Amino acid sequence: MTTALDAIKAAYPAQYYGDSSAGYLTRSTLIDVWNGVTQDKQSVNLLSLPAASSLLALTNDQWTLANVAGVTGHFYVPVSAGALAYPLRFYCDKNAPCAVYDMWGFSSAPTEPALTDLYSITAAAYTDRQANPRQQTYDTVSGKLVDYVPPIVPQTLAEQASSEKAWILQQANLAAAMGQTFSAEMKAYVTAINAIAAGTDTTSTALPVRPDTIMN
């Protein structure tokens, strides 16, 4: 014997639907048809409900995402070309470090970032980031957010030479305190370092070796 629920399931096989006639979805237009309630627990008159073909079918995962409490106080699910514009709700951008987004948490349809500029993340990852703000990036191998570690930028040769001038100054102060002068090797070394630091030496690829004899 076919029950009323059987008839409903046959007419609305996806169970979860959205009435996107306004161009977006809210909690009151997200409907659990099999149970006759909206996402915000309001009863639905199934006799006046549009046919399934006029509604936007949602997956179980999307219905679960809709149940996640947001942090903005807004709930607005944008629809584009008959589909959810951001079907997985929670995302991060492709920057390093990255920003995270609840794309259903705006007061109106967001125009950016574009879906193609985002990676989807879990609701738990988004919630954790909001509770514990920190720099993160998306690891494409694990598919998860990880702590961002800034890359070490190696010093240019000119920067190395500028740093070396601090050692030269130290040696000059020591020589003056001892009543000594730089050796010819040390003077040549100073000249070479100054040329690299100033950018006038454009052919060297490494700093010269410090001289064995520094003072006379």
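A quick note: this is a predicted structure, and the numbers were derived from the prediction, not measured.
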Measure the shortest side-chain to side-chain distance between Tyr17 and Ser20 over non-hydrogen atoms and say whether it is less than 4.5 angstrom.
no
For the pair Gln15 and Asp32, evaluate side chain to side chain donor-acceptor pair (under 3.5 Å) and give the outcome as yes or no after the intermediate values.
CA-CA 6 Å; Gln15 182 175 357; Asp32 176 355; 3.1 Å; yes
Nearest atoms (heavy-atom pairs only) where Glu159 meets Thr156
OE1-N, 2.8 Å
Could you give me the CA-CA distance, side-chain angles and deciding distance for Phe106 and Thr72, then say whether side-chain contact (heavy atoms from CB on, under 4.5 Å) is met?
CA-CA 7 Å; Phe106 292 87; Thr72 64; over 6 Å; no
Do Phe75 and Asp40 have side chains that approach each other closer than 4.5 Å (heavy atoms only, starting at C-beta)?
no
Is it the case that Asp61 and Thr59 place a side-chain donor and acceptor less than 3.5 Å from each other?
no
Inspect the surroundings of NZ in Lys144 and state if more than 12 heavy atoms from other residues, nucleotides or ligands are less than 6.0 Å away.
no
Run Thr137 and Asp139 through side chain to side chain donor-acceptor pair (under 3.5 Å) and show every step you take.
CA-CA 6 Å; Thr137 189; Asp139 180 9; over 6 Å; no
Minimum heavy-atom separation for Pro151 and Tyr148, please, with both atom names.
CD-OH, 3.5 Å
Check: Asp93 and Tyr101 side chains under 4.5 Å, non-hydrogen atoms
yes
Listing, residues 45-53 side-chain donor-acceptor contacts under 3.5 Å, not counting sequence neighbours, or none:
unit_1: Asn45; atom_1: OD1; unit_2: Leu47; atom_2: N; d: 3.1
unit_1: Ser48; atom_1: OG; unit_2: Asn45; atom_2: O; d: 3.0

So how far is it from Asn194 CG to Asp201 CG, rounded to the nearest 0.5 Å?
11.0 Å
Looking just at side-chain N and O atoms, do Asp6 and Thr3 make a donor-acceptor pair shorter than 3.5 Å?
yes
Co-members of the apolar cluster containing Trp167 [side chain, <4.5 Å]
Leu157, Ile168, Leu174, Met178, Phe182, Met186, Tyr189, Val190, Ile193, Ile196, Leu207, Ile214, Met215
When rounded to the nearest 0.5 angstrom, what is the spacing between NZ in Lys94 and CG in Leu118?
7.5 Å
Joint hydrophobic cluster, Leu55 plus Leu25, side-chain heavy atoms closer than 4.5 Å:
no
Could you measure the distance from the CG atom of Leu65 to the CG atom of Leu30? Nearest 0.5 Å is fine.
11.0 Å
Ion pair check, Asp128 and Arg134, cut-off under 4.0 Å
yes
In this structure, which one of Tyr138, Tyr86, Tyr119 forms a side chain to side chain contact (heavy atoms under 4.5 Å, CB included) with Tyr91?
Tyr86
Applying the 4.5 Å side-chain criterion to the ILVMFWY set and letting contacts propagate, would Leu115 and Tyr126 be lumped into a single cluster?
yes
Check whether any side-chain heavy atom of Cys98 lies under 4.5 Å from a side-chain heavy atom of Arg129, and answer yes or no.
yes
Do the non-hydrogen side-chain atoms of Met103 and Pro110 ever get within less than 4.5 Å of each other?
yes
So if you build clusters from Ile, Leu, Val, Met, Phe, Trp, Tyr with side-chain heavy-atom gaps below 4.5 Å, do Val44 and Tyr12 land together?
yes
Quick one, Val79 with Leu84, criterion side-chain contact (heavy atoms from CB on, under 4.5 Å). Give me CA distance, side-chain angles, the key distance, then yes/no.
CA-CA 5 Å; Val79 175; Leu84 301 188; 4.2 Å; yes
Does any non-hydrogen side-chain atom of Val33 lie less than 4.5 Å from one of Ile8?
yes
What's in the same ILVMFWY side-chain cluster as Val153, cut-off under 4.5 Å, chained through other members?
none
Nearest-0.5 Å distance that lies between atom CD in Gln160 and atom NZ in Lys165:
14.5 Å
Pairwise side-chain contact, Phe90 with Val68, heavy-atom cut-off 4.5 Å (strictly under):
yes
Is Asn67 atom CG crowded by more than 12 heavy atoms from other residues, nucleotides or ligands, each under 6.0 Å away?
yes
So which atom in Leu145 and which in Cys92 form the shortest heavy-atom distance, rounded to 0.1 Å?
CD2-SG, 3.8 Å
Is there a path of hydrophobic side-chain contacts, each under 4.5 Å between heavy atoms of I/L/V/M/F/W/Y residues, joining Tyr16 to Trp34?
no
Do Arg27 side-chain atoms and Ala66 backbone N/O form a donor-acceptor pair below 3.5 Å?
yes
What pair of heavy atoms forms the shortest contact from Trp104 to Pro78, and how long is it?
CD1-CD, 4.3 Å
So which heavy atom on Ser21 is nearest to which on Asp19, and how close?
OG-OD1, 2.9 Å
Give a yes or no on whether Gln155 atom CD has more than 12 heavy-atom contacts from other residues, nucleotides or ligands under 6.0 Å away.
yes
How far does CG of Leu56 sit from CD of Gln62, to the nearest 0.5 angstrom?
7.5 Å
Any donor-acceptor pair under 3.5 Å linking the side chain of Gln180 with the backbone of Ala175?
no
Using the rule that Ile, Leu, Val, Met, Phe, Trp and Tyr join whenever any side-chain heavy atoms are under 4.5 Å apart, tell me whether Tyr24 and Trp63 fall into a single cluster.
no
Reported CG-to-OH distance for the pair Asp102 and Tyr76, which is rounded to 0.5 angstrom:
14.5 Å
